Amino acid sequence: MAEFHAAALNPNSHLILDQSLLRLPTEILKKNNKTAQTLVSVEQHHVLKSLSSAAKVCVETPDASTAQAAALSALDTNIANLTLLKSKLSALQSSNANVHSSTHARLTHLAELQNIPSLADVKYDEWSRVRLDRLLVDYLLRQGYIESARQLATSKSILPLVSVEIDAFEACGRIEKSLRSGRLTEALVWCSDNKKELRKLNSCLEGELRFQQYIELVRSGEWRKLGEATVYARKHLAGGNDAEFAIRAAGLLAFTSDTSAEPYRALYSSDRYTTLATLFLQTYQTLYSLPEVPLLSTTLSAGLSALKTPACHSNTTPSIGSNPGASAHNPSQHPQNPHRNRTTHSNNPNVFTPSATATASVNPSSSSTTGPPASTTSASLLLTHSLCPICSTELNELARGVPRAHHLKSHVDADLVVLPNGRVYGRRRLEEANRALVGSGGEEEGSGGGGRDGNGGAEGDGWVRDPMDLGRRWKWSEVKKVYIS
């Protein structure tokens, strides 16, 4: 019988999923530092230029009072500009302090993994609950529920771990909402603030926003607006290298907004704002190293794949929400396959122990039945759901599209037997399953799912049923012992 061994914890493997936990604060700090450097550099240039001009005026002006007034005016202007610079730098410093505090909390959270020896440790359960709360907050933020995410983070005491994400998605959601409402100003300001970064990404976001402004000028059809659109296009759209883009922009001048000709009808459509909002969201996530897919979906998909086996969606597993007497797949469409009919759902040696509430009714007059009746299929569904998480009502359909994991280790019983349908079980567990099924459904005449005779067979002429397919049964004499070669 397979024994349970606590899997050693590999902290580095968790960093693969939690990369954004450190990347986002790093990107924000980089952006803030570049912004501060730009502000100081620009203001330094203006101050030096202003002082130089004031000094030149003082030298060239013979009237001392006039020269003094010019110098004081230049100094007052510089003081005002430097005061404004100080306020901007103070805001950036406050933002950096919050990011540093959040980064410290994140590093502490990840460092806790180094003190957890195995996945079976209680501390790992506590750490995983905190991570699950983080993933839920991330999912809520991506769905636009900013306040709900903030309240969840506050109630779970994980606000320092997710405060940066809340601020980032709040700013992103505000601009995205404005785009969906048909307003371009906020998005263009954001593009102006991140012009260098967008240029490095070869992003077309600003070009598309400018093109939409051009479309709005052309949409009215007034000669004055068309003239403004032409000037606007020469200023903002002429520098591109996309000839097709320029042709479409020029072609808009010849078509009105109610045209049915493509691609101009699509360009005039209000759906373009939805496309721009989606493009902005993708650009924002790329700029701040945020994964496009919610981390909750990634984690759930990996977990479902790790637990999924061929038996979870075999041709005998009823589809969720369908008639209990109907199977999820047509058996005739799936020939028997020894790998597909593998029944080891997990490493748990009691994986096939049937539920005490499972019931089955088998006609003893026939040795095999095809097309399980509703009662036996319901019992099979109940039995399956009590044993395997993927076969449960909540996860079965959700896991149908994910791939099965490649397991490097196999755990099998020592007394393997194969049923006529090709499925392999441990003899002892198969007998226990049949004994429990007969006991829950009432004693049946000729049933001998229990003990063995002196020759290793079943008592009398009893029947054996597949725990995964209660609608079929065979005599114990049809069960063959198998060996692993």
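Both backbone and side-chain heavy atoms feed into the values below; hydrogens, waters and symmetry mates do not. These figures come from a predicted structure and were not determined experimentally.
The CD1 atom of I28 sits 12.0 Å away from the CG atom of L92 when rounded to the nearest 0.5 Å. Once rounded to the nearest 0.5 Å, the distance linking OH of Y264 with CG of L253 reads 9.5 Å. Taken from CG in L300 to OG in S305, the straight-line distance is 11.0 Å, to the nearest 0.5 Å. Interatomic distance, L184 CG to I215 CD1, rounded to the nearest 0.5 Å: 10.0 Å.
Using modelled atom types, no side-chain atom of S297 and backbone atom of V293 make a donor-acceptor pair closer than 3.5 Å. Side chain of S87 to backbone of L84: a donor-acceptor contact under 3.5 angstrom is found. Of the possible donor and acceptor atoms, one in the side chain of R106 sits under 3.5 Å from a partner among the backbone N and O of L161. Formation of a donor-acceptor pair under 3.5 Å by the N194 side chain with backbone atoms of W190 is found in this model. For S155 (side chain) and L152 (main-chain N/O), a donor-acceptor pair under 3.5 Å exists by modelled atom type. Although no hydrogens or angles enter the test, the distance criterion places no donor-acceptor pair under 3.5 Å between the side chain of Y124 and the main chain of L9. Under a 3.5 Å cut-off, the side chain of S41 and the backbone N or O of Q37 do not form any donor-acceptor pair. Without hydrogens or angle criteria, S148 side chain to Y145 main chain gives no donor-acceptor distance under 3.5 Å. For the pair S181 (side chain) and R183 (backbone), a donor-acceptor distance under 3.5 Å is absent.
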Assess the residue pair N98 and S163 against the criterion (side-chain contact (heavy atoms from CB on, under 4.5 Å)); give the C-alpha distance rounded to whole Å, side-chain angles, the decisive distance to 0.1 Å, and a yes or no.
CA-CA 8 Å; N98 293 334; S163 59; over 6 Å; no
Does the side-chain contact (heavy atoms from CB on, under 4.5 Å) test come out yes or no for L110 and L22, once each step is laid out?
CA-CA 10 Å; L110 294 178; L22 300 179; 4.0 Å; yes
From CA spacing to verdict: salt bridge (charged side-chain N to carboxylate O under 4.0 Å, His left out), E170, R174:
CA-CA 6 Å; E170 187 174 15; R174 184 168 54 251; 5.1 Å; no
Between R150 and T154, is the side-chain hydrogen bond (donor to acceptor under 3.5 Å, both in side chains) condition met? List the steps.
CA-CA 6 Å; R150 183 179 285 108; T154 302; over 6 Å; no
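Side-chain contact between L179 and E186 is absent, with no heavy atoms from C-beta onward closer than 4.5 Å. Contact of the N33 side chain with the N96 side chain is registered, since non-hydrogen atoms from C-beta on lie closer than 4.5 Å.
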Counting only pairs under 3.5 Å, give me each side-chain donor-acceptor contact of residues 279-288, with atom names and distances, residues two or more places apart or in other chains.
from: T283; atom 1: OG1; to: L279; atom 2: O; distance (Å): 2.8
from: Y284; atom 1: OH; to: A168; atom 2: O; distance (Å): 2.8
from: T286; atom 1: OG1; to: Q282; atom 2: O; distance (Å): 2.9

Enumerate donor-acceptor pairs with a distance under 3.5 Å from any side-chain N or O in residues 129-136 to protein atoms, sequence neighbours excluded.
from: R134; atom 1: NH2; to: D18; atom 2: OD1; distance (Å): 3.0

Atom pairs and distances, donor-acceptor, side-chain atoms in residues 45-55, under 3.5 Å, two or more places apart:
from: S50; atom 1: OG; to: N78; atom 2: OD1; distance (Å): 3.4
from: S50; atom 1: OG; to: N78; atom 2: ND2; distance (Å): 3.4
from: S53; atom 1: OG; to: K49; atom 2: O; distance (Å): 3.0

Using distance only, find each side-chain donor-acceptor pair of residues 65-72 under 3.5 Å and give its atom names and separation, not counting sequence neighbours.
from: S65; atom 1: OG; to: D63; atom 2: OD1; distance (Å): 3.0
from: S65; atom 1: OG; to: D63; atom 2: OD2; distance (Å): 3.2
from: T66; atom 1: OG1; to: D63; atom 2: OD2; distance (Å): 2.9

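Under the rule for a side-chain hydrogen bond (donor to acceptor under 3.5 Å, both in side chains), the partners of Q19 that lie at least two apart in sequence or sit in another chain are R23. With sequence neighbours excluded, the residues that form a salt bridge (Lys or Arg N to Asp or Glu O under 4.0 Å) with E262 are R265. For D271, the side-chain contact (heavy atoms from CB on, under 4.5 Å) partners are S269, not counting sequence neighbours. Here Y139 pairs with nothing under the ring pair (Phe, Tyr, Trp, His ring centres under 6.0 Å) rule; sequence neighbours left out. In this structure I79 satisfies the side-chain contact (heavy atoms from CB on, under 4.5 Å) test together with T83, sequence neighbours excluded. Residues satisfying the side-chain contact (heavy atoms from CB on, under 4.5 Å) criterion with E228, sequence neighbours excluded, are L217, R224, K225.
Ion pair E206/R210 flagged as a salt bridge, since at least one NZ, NE, NH1 or NH2 atom sits closer than 4.0 Å to an Asp/Glu carboxylate oxygen. With respect to E397 and R400, a salt bridge is recorded, a charged nitrogen being found less than 4.0 Å from a carboxylate O. With respect to E197 and K200, no salt bridge is recorded, no charged nitrogen being found less than 4.0 Å from a carboxylate O.
Relative orientation of the F211 and Y214 rings is parallel, given thresholds of 30° and 60° on the angle between their planes.
Side-chain contact check for T230 and R234: no donor-acceptor pair (N or O, by modelled atom type) lies under 3.5 Å. Looking only at atom types and distance, the side chain of Q212 has a donor-acceptor partner in the side chain of E216 under 3.5 Å away.
Evaluation of the salt bridge (charged side-chain N to carboxylate O under 4.0 Å, His left out) test over residues 33-48, restricted to residues two or more places apart or in two chains, returns none. Listed by first then second residue, pairs satisfying salt bridge (charged side-chain N to carboxylate O under 4.0 Å, His left out) with a partner in residues 73-88 number zero, not counting sequence neighbours.
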